[in-house]
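Heavy-atom basis, side chains included; hydrogens, waters and symmetry copies ignored. Being a predicted model, the structure only gives us computed values, none of them experimental. So that the names make sense, note that chain A is the first sequence line, chain B the second, and so on, each numbered from 1.
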Number of protein chains: 2
Amino acid sequence: MQMREVIEATHLSRDTIRFYEKEGLIPAPVRSGNGYRHYDESVVRQLKLIKRAKHLGFTLKEIKSLAVLLYQNSLTPREMELHLRDKRDEIAEKIAELAAIKSEIDAALAGMCPDKKSLG
Amino acid sequence: MQMREVIEATHLSRDTIRFYEKEGLIPAPVRSGNGYRHYDESVVRQLKLIKRAKHLGFTLKEIKSLAVLLYQNSLTPREMELHLRDKRDEIAEKIAELAAIKSEIDAALAGMCPDKKSLG
DNA sequence: CTTGACTATGGAGTTAACTCCATAGTTTAG
DNA sequence: CTAAACTATGGAGTTAACTCCATAGTCAAG
């Protein structure tokens with residue numbers, strides 16, 4: 001799988017993918033004789049995770065640490081488990097924040113209905 | 001309520017609050033004779049919403065449109081309701097994305113410790 | 001009146017995360 | 001062969017969202 005296919009599968013730009021490689025968010029792919037990058041299928045999944053996480057307000061620094069945890073085996077199982085649990089807690093916190101915003105919106109919507117009145 | 005109190009209540013910097021005012025995310029406060037800003041209590045709630053939304057990956061541009069919807073009465077009830085429902089849909093989508101990341105993490109955790117059935 | 005904690009301003013500087021550019025090598029279709 | 005469509009590189013430029021700075025006015029305490 002070469003660059004063009006990855007671009008099509010992820011809807012990320014060539015420059016963005018190269019940038020993520022430089023920053024260590026995805027592993028450097030093998031090169032064929034001409035110097036072209038040759039990607040493993042799994043990079044698509046990794047890039048999609050990065051894209052989702054970015055959309056959710058995680059910084060690339062945060063995403064990198066998660067990506068390394070998920071896709072590289074650099075830590076002991078124990079360290080890895082602790083880090084992953086931390087990440088899961090962060091996500092739970094974000095879900096709670098989303099719920100808070102949602103209830104603010106719900107309150108505004110409820111306040112607009114004729115039979116309900118005051119809105120804080 | 002003046003600047004210092006707002007800073008303490010929101011943990012945002014003076015510069016950030018001034019920046020949000022300049023960008024129209026919060027209304028320009030009234031000024032006392034000396035030129036000092038004098039805030040209404042509601043600004044704290046608005047700033048906290050901005051902070052949460054930012055943490056969740058909304059841009060200031062997106063947040064501005066939401067803040068205007070929630071705190072200023074510039075649209076008809078019908079328009080407002082439509083916009084608020086859109087925002088609520090966006091939030092539902094973000095929750096789904098968070099769930100996707102969470103399951104990726106859960107899968108990694110499950111793969112690491114197949115003997116453990118329950119994950120905190 | 002001085003000191004120190006407030007407040008104000010416009011504008012420059014910073015950081016993250018791209019995004020673009022100029023240049024150049026490779027491969028494929030005709 | 002040429003032309004189009006790929007690929008590569010380092011480095012400059014851009015945008016969002018702050019963050020800092022220099023300068024200066026205000027106000028309460030001692």
Side-chain angles (χ1 to χ4, degrees), chain A residues 1-41 43-44 46-68 90 94 97 101, chain B residues 1-41 43-44 46-68 90 94 97 101:
Chain A
M1 179 172 223
Q2 75 181 47
M3 187 54 104
R4 199 185 53 79
E5 292 174 79
V6 177
I7 291 169
E8 276 166 15
T10 60
H11 303 110
L12 290 169
S13 76
R14 179 184 310 272
D15 279 336
T16 297
I17 294 167
R18 196 157 67 96
F19 175 72
Y20 288 168
E21 179 187 329
K22 197 174 64 185
E23 296 295 309
L25 275 91
I26 54 172
V30 294
R31 305 294 185 110
S32 34
N34 53 18
Y36 288 15
R37 289 167 177 85
H38 184 69
Y39 291 100
D40 188 69
E41 302 286 332
V43 81
V44 173
Q46 295 179 40
L47 287 169
K48 282 181 177 171
L49 175 84
I50 292 169
K51 207 176 172 183
R52 260 200 308 267
K54 264 229 63 198
H55 186 224
L56 291 163
F58 290 96
T59 64
L60 291 191
K61 199 176 162 191
E62 289 168 330
I63 294 167
K64 180 179 176 177
S65 71
L66 178 59
V68 166
E90 264 180 65
K94 288 208 184 221
E97 287 181 283
I101 294 179
Chain B
M1 181 171 219
Q2 75 180 44
M3 187 55 103
R4 198 185 53 78
E5 293 174 79
V6 177
I7 291 168
E8 276 165 14
T10 61
H11 302 109
L12 290 169
S13 77
R14 177 184 312 272
D15 280 335
T16 298
I17 294 167
R18 193 157 69 94
F19 175 72
Y20 288 167
E21 179 187 329
K22 196 174 66 184
E23 297 294 309
L25 275 91
I26 53 171
V30 295
R31 304 294 185 112
S32 34
N34 52 19
Y36 288 15
R37 289 168 178 84
H38 185 69
Y39 292 100
D40 187 73
E41 302 286 333
V43 81
V44 173
Q46 295 179 42
L47 287 169
K48 282 181 179 171
L49 175 84
I50 294 169
K51 205 176 173 184
R52 260 201 308 266
K54 263 229 63 199
H55 185 223
L56 291 163
F58 289 97
T59 63
L60 290 192
K61 199 176 162 189
E62 290 169 331
I63 294 166
K64 181 178 174 177
S65 72
L66 178 59
V68 166
E90 265 181 64
K94 287 207 185 222
E97 288 182 283
I101 294 179

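Distances shown here put a side-chain N or O of A:Asn34 below 4.0 Å from the OP1 or OP2 atom of C:dT27. Put simply, A:Arg37 has no side-chain N or O that comes within less than 4.0 Å of OP1 or OP2 on D:dT7. Using a 4.0 Å cut-off, some side-chain N or O of A:Gln2 falls inside it from OP1 or OP2 of D:dT7. Note on B:Arg4: every side-chain N or O is 4.0 Å or more away from OP1 and OP2 of C:dT7.
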### Stepwise side chain to side chain contact (heavy atoms under 4.5 Å, CB included) test for B:Tyr20 and B:Leu12
CA-CA 10 Å; B:Tyr20 288 167; B:Leu12 290 169; 4.3 Å; yes
### Test side chain to side chain contact (heavy atoms under 4.5 Å, CB included) applied to B:Arg37 and B:Gln2, step by step
CA-CA 6 Å; B:Arg37 289 168 178 84; B:Gln2 75 180 44; over 6 Å; no
### Query
How far apart are the C-alpha atoms of A:Leu60 and A:Lys54, what are their side-chain angles, what is the distance that settles it, and do they pass the side chain to side chain contact (heavy atoms under 4.5 Å, CB included) test?
CA-CA 7 Å; A:Leu60 291 191; A:Lys54 264 229 63 198; 3.8 Å; yes
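For B:Lys64, the NZ atom is loosely surrounded, since the number of other residues' heavy atoms within 6.0 Å does not exceed 12.
The interatomic distance linking A:Arg14 (CZ) with D:dT9 (P) rounds to 11 Å, in whole Å. Per the geometry, NZ belonging to A:Lys54 stands 7 Å off P belonging to C:dA17, to the nearest Å.
Comment: B:Glu90 does not engage B:Lys94 in a salt bridge, judged by the lack of any side-chain N to carboxylate O separation of less than 4.0 angstrom.
Within the 3.5 Å criterion, the main-chain N or O of B:Thr59 finds a donor-acceptor partner in the side chain of B:Glu62. Here the side chain of B:Glu8 pairs no donor or acceptor atom with the backbone of B:Glu5 at under 3.5 angstrom.
A:Tyr39 is not listed as a side-chain neighbour of A:Leu47, based on a closest heavy-atom distance of 4.5 Å or more. The side-chain heavy atoms of A:Thr10 and A:Ile50, taken from C-beta on, include no pair separated by under 4.5 Å.
Contacts between residues 55-65 of chain B and DNA chain D, defined by a heavy-atom separation under 4.0 Å, are made by B:Thr59, B:Leu60. For DNA chain D, the residues of residues 16-26 of chain B within the heavy-atom distance limit of 4.0 Å (strictly under) are B:Thr16, B:Phe19, B:Tyr20, sorted by number.
Between A:Ile50 and B:Met3, the residue whose closest nucleotide on DNA chain C is further toward the 5' end is B:Met3. Residues A:Tyr36 and B:Asp15 both approach DNA chain D. Their nearest nucleotides, taken by heavy-atom distance, put A:Tyr36 toward the 5′ side.
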